[in-house]
Protein chains: 2
Amino acid sequence: MDKVTIKDIAKVADVSYATVSRALSGSSEIGEATRERILRICDEMNYIPDSVARSMVKKRTNILGVVTASINNPFMSELIEAIEITARENGYNLMVCNSAYDLELEKRQFSLLLGRRVDGIIVIPAGKETVANLSSYSTDIPVVYVSENIPDAGQFFVAIDNAAGAKLAVSYLQSLGHRKILYLGRREGSLTHRLRAEGVVAACRELGMEVVFKDNDNDGKSSMEAGCRLAKEYFRSPEGCTAIFCATDALALGAMQAADEDGVRIPEDISLMGFDNISFTALPRIGITTIEQPQLEMARAAFELITRSSEEENRQSISIEPRLVVRTSCRSV
Amino acid sequence: MDKVTIKDIAKVADVSYATVSRALSGSSEIGEATRERILRICDEMNYIPDSVARSMVKKRTNILGVVTASINNPFMSELIEAIEITARENGYNLMVCNSAYDLELEKRQFSLLLGRRVDGIIVIPAGKETVANLSSYSTDIPVVYVSENIPDAGQFFVAIDNAAGAKLAVSYLQSLGHRKILYLGRREGSLTHRLRAEGVVAACRELGMEVVFKDNDNDGKSSMEAGCRLAKEYFRSPEGCTAIFCATDALALGAMQAADEDGVRIPEDISLMGFDNISFTALPRIGITTIEQPQLEMARAAFELITRSSEEENRQSISIEPRLVVRTSCRSV
DNA sequence: TCCTCCAATGAAAACGTTTGCATTATCCAT
DNA sequence: ATGGATAATGCAAACGTTTTCATTGGAGGA
């Protein structure tokens, strides 16, 4: 069965194809009777408008591009799902490209999307140089970076308030009676990590708590392995912390493994908190108390930023408030 | 900066735009000198070919559509990532649509993709009626269904050999000395579940093992909750099984939770196996021995089926061999 | 010198829509 | 009756490519 076009419909309905187009677009410049007749014919002939041709003339595709460091990563797949929902609600489709944490590939994917003439691109960055790399492309397609807010980069960002998240965690621990905590994470490295670490320092100072650091020097292993290694190092020469706060849930998972292997009980011997609220943390036997990044909210914010790109004035990077999710990995002391 | 088209290049290079097109497409019908000159100009002017216009005339988009029941589900997100890799390696982009397990939405998404003139559609079905629903669309766009092989449906499928997977599990348990096992799952319902259940029956008969069933009557709760409930029911009136084999990892996770809450130790008191090898199962504290569905292999198979649609003869549904993944949830008796 | 042939290039149609403008038909007020 | 406004429709250009066919120029053979 050959693809039926607007011309075929026009022939059958004995009108010009402009009229068919108008019937379909819901234009007011058409008689009610003809509209219904044409729509019926379209239905009978299984006509599906060609989005490619439509995009060609309208100069918009109703496609949103997504370049993500990973599709499979639980945080990101939830974010992508949230973006898809938001996009669909607004009549957009999603073109999803994986950069696999590879900056070169990320550039290629980005450029590919430009060629696809997508109406906007949401980037979940592959690394620290992502923003610098991609903002060198001169284009009028709106771009939003999600999950790390770099000030003065001349780009638009959606990110949670990492410092606030850190404070949320620290003050929760304080309310439980903890006074000295271990922070597992990187103090330099990505901006996200820096902000979280600084947030911890500030919150501890403000709340009169003591913090000791174990820096993840990021030797190429997975976060979970790193968390395991660092926690074990700490257990070998403990400094009296009653809680561990990890920069990410993956680190926390590793710390949990370390605790199990070293016979340290959670939360009886030490409390444990993560950051991100990836789906893992909710599992039975895991139950890690953590700080949530509300993905749906982030997706909506990114979408707004994309589609409001015409109104340049009131457009600025958006900061999302994190949320505390209490599970079973912390106890009061 | 206005979008630069092939005509702008032509004007600068002082050639016709046909020549520019030829230079870009690597056609042999062009002088080496002009080609290089044109390519240099394209580069200088940051020219990116318009895929929309190209698709319009070539009648192919180099886009693959994916309609998936969930983006976030760990099995599916891994599968989607695998599909993206395969697609990219072959010059395709992915348009990902979520059906959210909703058959109506699934139809809309499918129809949308037809309008997008994608070169093929991979469906991860939302439910039992998916195939019947979607095969009613008359289209010459190739379609492949992943993860459930319905015979004689006149469609193409990629699925693992569920019976073989079941047998793999049962004979592993037998090799560990188990002689009587509990099977948690649905015996009717989706084909996948039926095949797994039948595979268990057949394997037990063949290997001289006894099996007792707990049917998941699927009361709308999540699989994990169902697994928890069913396992608790069993623990209340045990029948001497030394191992539980669950139809899915989610069920197994629920069973594990039930065991924890009822003070049943895994694997000391009872062994536990799942099916699917979703990423959860590898986590510390979880470590569920399971049957893997190799997603990358499935993605490649689906892609082959899509792109080989012209050669109708040697094209048929593909069955993938499952693989045993041993972790710590089983012991020998 | 002339013809032939081939390589390189140009002209223009085609892909399936949307939309601005022109045209016709209809209706109401004068 | 006539004019003008308005509603409904048709015509044709435009979107940015690819590709077929025609044209040109020059090289090489006789």
Side-chain angles (χ1 to χ4, degrees), chain A residues 2-39 41-42 45-63 91 112 114-119 139-141, chain B residues 2-39 41-42 45-63 91 112 114-119 139-141:
Chain A
D2 242 14
K3 172 177 35 203
V4 26
T5 80
I6 213 173
K7 298 195 182 185
D8 302 319
I9 304 292
K11 209 169 295 169
V12 173
D14 195 36
V15 294
S16 74
Y17 43 95
T19 306
V20 179
S21 172
R22 280 189 271 256
L24 289 162
S25 68
S27 155
S28 63
E29 292 201 326
I30 192 178
E32 197 48 45
T34 20
R35 140 158 322 128
E36 279 172 18
R37 192 166 57 88
I38 291 176
L39 288 185
I41 293 178
C42 287
M45 297 181 66
N46 291 316
Y47 169 71
I48 300 184
D50 186 325
S51 310
V52 177
R54 181 175 292 177
S55 298
M56 170 104 260
V57 36
K58 287 197 135 187
K59 289 165 163 316
R60 59 188 307 225
T61 51
N62 274 38
I63 298 176
L112 227 51
L114 295 181
R116 292 280 185 194
R117 300 297 186 252
V118 296
D119 294 340
T139 172
D140 46 2
I141 295 180
Chain B
D2 243 14
K3 174 178 31 204
V4 27
T5 81
I6 214 174
K7 298 197 181 184
D8 302 320
I9 305 290
K11 209 169 295 169
V12 173
D14 196 36
V15 293
S16 74
Y17 43 95
T19 306
V20 179
S21 173
R22 280 189 271 255
L24 288 162
S25 67
S27 155
S28 62
E29 294 201 325
I30 190 179
E32 198 48 45
T34 20
R35 140 159 321 131
E36 278 174 17
R37 193 166 55 89
I38 290 177
L39 288 185
I41 294 178
C42 286
M45 297 181 67
N46 292 314
Y47 169 71
I48 299 184
D50 186 323
S51 309
V52 177
R54 181 175 292 175
S55 298
M56 170 106 261
V57 35
K58 287 198 138 187
K59 289 167 162 315
R60 59 188 307 227
T61 51
N62 274 38
I63 299 176
L112 227 51
L114 295 181
R116 292 280 186 195
R117 300 298 187 252
V118 296
D119 293 341
T139 173
D140 46 1
I141 296 179

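All figures in this text were calculated on a predicted structure; none of them were measured in a lab. Letters go in sequence order (proteins before strands), and every chain restarts at 1.
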The reported gap from CG in A:L114 to CG in B:N46 (rounded to nearest 0.5 angstrom) is 10.5 Å

Rounded to the nearest 0.5 Å, the CZ atom of A:R116 sits from the CD1 atom of A:I141 at a distance of 12.5 Å

(Q) Categorize B:S55 for me: base, sugar-phosphate, or nothing, with a 4.0 angstrom heavy-atom threshold over every strand shown. (A)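 Touches nothing.
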
Which part of the nucleic acid, if any, lies within contact of B:V52, taking any heavy atom under 4.0 Å across all strands shown: a base, the sugar-phosphate backbone alone, or nothing? nothing

A:Y47 and A:I6: side chain to side chain contact (heavy atoms under 4.5 Å, CB included), yes or no, with the steps? CA-CA 8 Å; A:Y47 169 71; A:I6 213 173; 3.9 Å; yes

Interatomic distance where CD1 belongs to B:I30 and C1' belongs to C:dG10 [whole Å]
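The distance from CD1 of B:I30 to C1' of C:dG10 comes to 12 Å, rounded to the nearest Å.
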
Rounded to whole Å, CZ of B:R116 lies from P of C:dT17 at a distance of 14 Å

For [X], all residues meeting side chain to side chain contact (heavy atoms under 4.5 Å, CB included), sequence neighbours excluded:
X: A:R117; result: A:T61, B:K3, B:I48, B:D50, B:V52
X: A:D8; result: A:V4, A:T5, A:M45
X: A:A10; result: A:Y17, A:V20
X: A:K11; result: none

Polar atom pairs between nucleotides 16-26 of chain D and protein, under 3.5 Å, N or O only, would you list them?
{"from": "D:dG16", "atom 1": "OP1", "to": "A:K59", "atom 2": "NZ", "distance (Å)": "3.2"}
{"from": "D:dT17", "atom 1": "OP1", "to": "B:Y47", "atom 2": "OH", "distance (Å)": "2.9"}
{"from": "D:dT17", "atom 1": "OP2", "to": "B:I6", "atom 2": "N", "distance (Å)": "2.8"}
{"from": "D:dT17", "atom 1": "O5'", "to": "B:Y47", "atom 2": "OH", "distance (Å)": "3.1"}
{"from": "D:dT18", "atom 1": "OP1", "to": "B:R54", "atom 2": "NE", "distance (Å)": "2.9"}
{"from": "D:dT18", "atom 1": "OP1", "to": "B:R54", "atom 2": "NH2", "distance (Å)": "3.2"}
{"from": "D:dT18", "atom 1": "OP2", "to": "B:S21", "atom 2": "OG", "distance (Å)": "2.5"}

**OP:** In sequence, state the C-alpha distance, the side-chain angles, and the governing distance for A:N62 and A:R54, and then conclude on side chain to side chain contact (heavy atoms under 4.5 Å, CB included).
**Re:** CA-CA 10 Å; A:N62 274 38; A:R54 181 175 292 177; over 6 Å; no

Given the rule in the side chain to side chain contact (heavy atoms under 4.5 Å, CB included) test, do B:E36 and B:L39 qualify, once you have shown the distances and angles that lead to the verdict?
-> CA-CA 5 Å; B:E36 278 174 17; B:L39 288 185; 5.8 Å; no

Quick one: bend of the helix from C:dT1-D:dA30 to C:dT30-D:dA1 from 5 pairs per end, to 10°?
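It works out to 60° between the end axes.
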
Problem - For B:T19, all residues meeting side chain to side chain donor-acceptor pair (under 3.5 Å), sequence neighbours excluded - result: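 With sequence neighbours excluded, B:T19 shows a side chain to side chain donor-acceptor pair (under 3.5 Å) to B:S16, given in chain and number order.
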
Any protein N or O atoms within reach of nucleotides 26-28 of chain C? Criterion: under 3.5 Å, listing atom names and distances.
none

